[in-house]
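What follows is one structure encoded as structure tokens, with my remarks underneath.
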Number of protein chains: 2
Amino acid sequence: MRSFLICMTMLSKTFAYALRAVTYVAVHSKEGKKVNLEQLSEGIDVPQPFLGKIMQDLVRQGVLKSMKGPGGGFWTDEFSLKLPAFEILNATDGYAVLTSCLMGKKNCNSSLPCPLHAEYALCRDTLFDALRNTRISDLAQKVEAKEIFLAEDN
Amino acid sequence: MRSFLICMTMLSKTFAYALRAVTYVAVHSKEGKKVNLEQLSEGIDVPQPFLGKIMQDLVRQGVLKSMKGPGGGFWTDEFSLKLPAFEILNATDGYAVLTSCLMGKKNCNSSLPCPLHAEYALCRDTLFDALRNTRISDLAQKVEAKEIFLAEDN
DNA sequence: CGAATAAAAGATAATAATATCTTTTTATAT
DNA sequence: ATATAAAAAGATATTATTATCTTTTATTCG
């Protein structure tokens with residue numbers, strides 16, 4: 001009866017889970033292994049049924065590959081590995097969050113800005129650039145290089 | 001029967017509403033006027049009952065002053081005007097969101113970082129700095145200077 | 001083929017965020 | 001003092017997000 005409501009990020013938990021999941025799968029794909037849901041769920045410490053839904057989306061959006069049946073599971077091919085992390089956001093939350101106004105103004109832009117427009121644009125762009133410039137293969141490589149684990153506690 | 005579920009920001013709608021509300025009140029306080037809920041709700045285009053709750057919090061946390069009764073309402077005193085916008089975040093969402101990990105790692109730090117730690121830290125810090133360096137009086141001044149309106153559509 | 005494995009899909013449940021409604025308290029003015 | 005105005009407080013409703021459970025479909029292997 002454990003609770004999974006722990007983290008509190010500016011973006012959704014779904015996206016955080018998806019980032020961890022894709023990274024985990026990518027690391028194992030480089031070793032030529034497929035990953036199944038049970039293993040993944042334990043490896044990144046995310047509840048299996050919910051993770052299943054997220055994985056479905058990621059496959060549907062072409063971020064990951066999957067196969068059913070014995071020996072099946074999820075993996076990244078060459079195409080996936082080259083995708084920017086931005087595509088993970090796109091497949092989960094959508095990218096609208098990166099074009100929004102901090103103060104909730106509908107038409108906030110540089111010619112009619114809210115009082116925090118310039119500052120927040122800078123913040124958003126920093127994240128946007130990071131998600132565009134970081135490929136899935138980079139995520140995997142960083143995990144390998146630093147021996148970081150993807151479970152929340154590690 | 002209108003819907004208010006429109007904006008989609010990285011932080012909460014509550015925070016977006018609070019920013020608009022405090023700014024609106026500050027502008028009017030500079031003209032020596034108190035603002036009541038009804039006027040405020042129309043001025044910034046936020047549903048009155050929900051806004052009422054947010055205002056309660058802001059007053060309780062010392063960001064705004066209020067008075068009941070005829071001629072009552074909300075206002076900012078000299079103390080309020082000097083507060084950084086960060087205090088508005090603190091009074092609504094709390095600031096934990098500015099110390100979180102994008103990938104949901106519990107202990108994410110520079111010595112054991114997630115693969116996006118450095119990049120996301122930059123993003124968070126940009127926002128953090130903006131919220132610390134912008135005072136409530138600055139928000140009001142920008143609205144006055146640029147003749148911006150605080151309703152979503154404007 | 002039939003049994004077993006694993007993802008996909010569909011349906012339901014719990015929690016948090018957002019929104020509304022009603023009653024109470026406090027202040028003002030007559 | 002009484003009526004009125006306005007915030008505070010409390011209770012309830014709606015919607016979105018997160019989480020779970022069950023059934024179906026695809027694949028492999030004996």
Side-chain angles (χ1 to χ4, degrees), chain A residues 1-18 20-21 25 33-42 44-75 92-94 96-97 104 152, chain B residues 1-18 20-21 25 33-42 44-75 92-94 96-97 104 152:
Chain A
M1 196 66 89
R2 65 182 289 196
S3 163
F4 284 97
L5 281 165
I6 299 151
C7 99
M8 170 189 284
T9 144
M10 283 166 70
L11 290 131
S12 72
K13 289 185 66 168
T14 296
F15 175 56
Y17 290 167
R20 299 219 296 274
V25 169
K33 296 178 199 155
K34 290 200 201 80
V35 177
N36 69 39
L37 246 193
E38 190 179 0
Q39 180 193 356
L40 179 63
S41 165
E42 282 165 16
I44 66 173
D45 193 25
V46 169
Q48 213 191 91
F50 188 45
L51 185 57
K53 288 299 180 190
I54 298 169
M55 297 304 280
Q56 250 181 65
D57 285 337
L58 290 168
V59 170
R60 211 162 10 209
Q61 303 282 328
V63 175
L64 293 176
K65 301 288 171 187
S66 71
M67 237 175 62
K68 297 180 182 180
F74 301 92
W75 76 94
T92 53
D93 298 4
V97 68
E152 287 184 353
Chain B
M1 195 70 87
R2 66 181 291 196
S3 163
F4 284 97
L5 282 166
I6 299 152
C7 98
M8 171 188 283
T9 143
M10 283 166 70
L11 289 132
S12 72
K13 289 185 66 169
T14 296
F15 176 56
Y17 290 168
R20 299 218 296 275
V25 169
K33 296 179 199 154
K34 291 199 200 81
V35 177
N36 70 38
L37 247 192
E38 189 178 2
Q39 180 194 355
L40 179 62
S41 164
E42 282 166 15
I44 67 173
D45 194 25
V46 168
Q48 213 192 89
F50 188 44
L51 185 57
K53 290 298 181 191
I54 297 169
M55 297 305 279
Q56 252 180 63
D57 285 337
L58 290 168
V59 170
R60 211 161 11 207
Q61 304 282 327
V63 176
L64 292 176
K65 301 288 172 188
S66 72
M67 238 175 63
K68 297 180 180 181
F74 302 91
W75 75 94
T92 53
D93 298 4
V97 68
E152 288 184 353

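All values derive from a computational prediction rather than experimental measurement. Chain identifiers are assigned alphabetically (A, B, ...) following the order of the sequence lines, protein sequences preceding nucleic acid strands; residue numbering begins at 1 within each chain.
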Nearest whole angstrom, please: distance from the C1' of D:dA19 to the CD1 of A:Ile44. 14 Å

Which ones in residues 48-62 of chain B lie close to DNA chain D, meaning a heavy atom under 4.0 Å from one of its atoms? B:Lys53, B:Gln56, B:Val59, B:Arg60

The criterion is side-chain contact (heavy atoms from CB on, under 4.5 Å); which residues satisfy it with A:Glu38, sequence neighbours excluded? A:Asn36, A:Glu42, A:Gln48

Roughly how far, to the nearest 0.5 Å, is the OH atom of A:Tyr17 from the OG atom of A:Ser12? 10.0 Å

Between CG of B:Leu11 and P of C:dA16 the distance, given in whole Å, is 19 Å

For the side chain of B:Thr14, starting at C-beta, report the closest nucleotide among D:dA6, C:dT18, D:dA19. C:dT18

When rounded to whole Å, the OH to C1' distance for the pair A:Tyr17 and D:dT17 reads 11 Å

Separation of B:Leu40 CG from B:Lys34 NZ (nearest 0.5 Å): 15.0 Å

Tell me the interatomic distance from A:Leu64, atom CG, to C:dA7, atom P, rounded to whole angstroms. 12 Å

Criterion side chain to side chain contact (heavy atoms under 4.5 Å, CB included) on A:Met67 and A:Trp75, from CA distance to verdict: CA-CA 9 Å; A:Met67 237 175 62; A:Trp75 76 94; 3.9 Å; yes

A:Ser41 side chain to A:Val46 backbone, donor-acceptor under 3.5 Å: yes

Which value, rounded to the nearest 0.5 Å, describes the distance between A:Gln39 atom CD and A:Ile44 atom CD1? 11.0 Å

Nearest whole angstrom, please: distance from the C1' of C:dA6 to the NZ of A:Lys34. 11 Å

For A:Lys33, side-chain hydrogen bond (donor to acceptor under 3.5 Å, both in side chains) partners two or more places apart: A:Glu31

Value in whole Å for how far the P atom of C:dA7 lies from CD of A:Glu38: 9 Å

Verify the contact: side-chain N or O of B:Ser66 to OP1 or OP2 of D:dA6, cut-off strictly under 4.0 Å; return yes or no. no

B:Leu37 CG to D:dA9 C1': how many Å, rounded? 13 Å

Taking distance alone, no hydrogens or angles, what donor-acceptor pairs closer than 3.5 Å link side-chain atoms of residues 49-61 of chain B to residues at least two apart or in another chain?
from    : atom 1 : to      : atom 2 : distance (Å)
B:Asp57 : OD1    : B:Arg60 : NH2    : 2.8

Considering residues at least two apart in sequence or located in another chain, which fulfil the side-chain hydrogen bond (donor to acceptor under 3.5 Å, both in side chains) criterion with B:Lys68? none

For each nucleotide in nucleotides 24-30 of chain D, reading 5' to 3', give B when a protein heavy atom comes within less than 4.0 Å of its base, S when such contact involves only the sugar-phosphate, and - otherwise. -BBBB--

Can you tell me the distance, in whole Å, between the NZ atom of B:Lys13 and the P atom of D:dT14? 17 Å

